[in-house]
**Q** 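First the structure, which I've put down as structure tokens, then a few questions once you've had a look.
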Amino acid sequence: MIEIINEINDALWGYLIIGALVGCGLWFTWRSRFVQFRMLGEMLRLLTDSSTRPQGGEKHISSFQAFAVSLASRVGTGNLAGVATAIAVGGPGAVFWMWVMALFGAATAFVESTLGQLFKRHHSDSFIGGPAYYIELGLRCRWMAVLFAVLITVTFGLANNSVQTNTICGAMEVAFGWSPAATGAALMVLTLVIVFGGIQRIARVSSVLVPVMAVGYFVLALVIILMNIRLLPHVVRVIIESAFGLNQAVGGMVGAAIMNGVKRGLFSNEAGEGSAPNAAATAAVSHPVKQGLIQSLGVFTDTLLVCSCTAFIILISGVYTNPELNGINLTQVALESEVGAWGPVFVAVAILLFAYSSIIGNYYYGEANVRFIWQSPRAVTAYRVLSGGVMVMFGALVSLDTVWSIIDLCMALLTACNLVAIILLGKYAFRLLDDYRRQKRQGISDPQFHRSQLPELEERLECWE
């Protein structure tokens, strides 16, 4: 069965998904006039934006909290285990293609998250939205919206959470000798406590965990790089040579580098996958573009910052040439070679924070889409038990290869569905961006949006009175 899934994955990723992701990234970058580069300063400013207050009785989810929830999902095993897997399978050149995916994927992230904000709906705990909502309201295509909702629930709430748990258990076993079953049981209990608190509790936990884990890991990586600064030019050269096959020894690995760099880059930063718009839609902001810009910054933070930290640690150590090392074990061995015996322990703690925050972030993506399909408290409760309980425990007990094969297939189908939608609806994101820029040029520090500005959609935009 796994062999068949792997063959399907190779076909989808080799010919369809990579081309679509790159094509969309290039088109959205050009059409938005390089929004991810030109408005980087505005992205940073918006992180602390407090100009918008909740209306209509919603509990307030701030721009930063929505950013933290999406980053909690992005910054996880993809940054520690995923990068290591990409290097082990595709060589150092995979890192270069992860960077490329981030640079151009940030424009895709801008479009999808702006659309998520535009078509969001009122909900008892906060706003709610995402691709399923903009597919139904923007494209008027209920069956496609339900298909996406099912795919993202399976991908994030179920399969992705198994990946996170599997990686945590592997790291804990290496560092402390804990059995995967015991670790999985503890994670299951902790996850159920958080997810039964809803988006408010998830947002509060994420806004604490994400900054702590990201800053701590970045500081450690920076120390290691500075200790080995003389090797940095060599590492960069190895990445470039491997990416383009300039070194004869790695010439045959260019295809593997591109495929694994794009796959693991997508798994890490999620640009174009349709996940981050679910978090972006929860924020109370005065203009949809604000969350589009913030979620673009999330792609940069995830890949150019955190993923690069892992890549440099592994490449500086040189242990990536050992064919017996893969996934989180490769990262642990690399760190141990640089900082000593406490390296695996640090990685175990880091992966616990990274992956656990991803588990609760991934859970919410599924919940938002379960609510889209079934307006039933019982359905949400059943999903909470399945995602936070059953699938967390399942991930603790299965093999790494099995989990990655399943997640690759789910990601491919989910991404294909979302890309079709944002290509068709992208024109609205560009019009909103033009409006936002026009207001900024007029000296308006806090641009505002009203649904009457898009008369053809006015009756379908519930939250922009």
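Quick caveat, the model's predicted, so the values are computed rather than measured.
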**Q** Can you find a pair of side-chain heavy atoms, one from Asn161 and one from Phe394, that are under 4.5 Å apart?
**A** no
**Q** Looking only at heavy atoms, which two atoms of Pro447 and Lys440 are closest? And how far apart?
**A** CG-CD, 3.6 Å
**Q** If we only count heavy atoms from C-beta on, is the Leu103 to Gln36 side-chain gap below 4.5 Å?
**A** no
**Q** Which heavy atom in Ala102 sits nearest to a heavy atom in Leu304, and how many Å separate them?
**A** CB-CD2, 4.1 Å
**Q** Check whether any side-chain heavy atom of Tyr134 sits under 4.5 Å from a side-chain heavy atom of Leu425, and report yes or no.
**A** yes
**Q** Quick one, Phe110 with Phe28, criterion ring-ring contact (aromatic ring centres under 6.0 Å, His included). Give me CA distance, side-chain angles, the key distance, then yes/no.
**A** CA-CA 9 Å; Phe110 166 80; Phe28 291 144; 9.3 Å; no
**Q** Phe156 and ring-ring contact (aromatic ring centres under 6.0 Å, His included): which partner among Tyr363, Tyr383, Tyr365?
**A** Tyr365
**Q** Evaluate the side-chain proximity of Ile128 to Lys120: yes if any heavy-atom separation is below 4.5 Å, no if none is.
**A** no
**Q** With a 4.5 Å cut-off on side-chain heavy atoms, are His287 and Asp435 touching?
**A** yes
**Q** What orientation do Phe127 and His122 show, parallel under 30°, tilted 30 to 60°, or perpendicular over 60°?
**A** tilted
**Q** Report yes or no: do Asn418 and Glu112 form a side-chain donor-acceptor pair below 3.5 Å?
**A** yes
**Q** Have Asp446 and Gln448 got a donor and an acceptor in their side chains that come within less than 3.5 Å?
**A** yes
**Q** Rounded to the nearest 0.5 Å, how far apart are CZ of Phe449 and SG of Cys463?
**A** 11.5 Å
**Q** Looking only at side chains, do Trp99 and Ser308 share a donor and an acceptor under 3.5 Å apart?
**A** yes
**Q** For a 4.5 angstrom cut-off between non-hydrogen side-chain atoms, does Arg33 reach Leu433?
**A** no
**Q** Is any side-chain heavy atom of Tyr356 closer than 4.5 Å to a side-chain heavy atom of Thr191?
**A** yes
**Q** Assess, by modelled atom type and distance only, whether the side chains of Thr114 and Gln291 contain a donor and an acceptor separated by less than 3.5 Å.
**A** no
**Q** List the atom pairs, with distances to 0.1 Å, where a side-chain N or O of residues 140-155 and a protein N or O form a donor-acceptor pair under 3.5 Å, not counting sequence neighbours.
**A**
| from | atom 1 | to | atom 2 | distance (Å) |
| --- | --- | --- | --- | --- |
| Arg140 | NH2 | Glu459 | OE2 | 3.2 |
| Arg142 | NH1 | Glu136 | OE2 | 3.0 |
| Thr153 | OG1 | Ala149 | O | 2.7 |
| Thr155 | OG1 | Leu151 | O | 2.7 |

**Q** Could you tell me whether the side chain of Arg45 reaches within less than 4.5 Å of the side chain of Glu42, counting heavy atoms only?
**A** yes
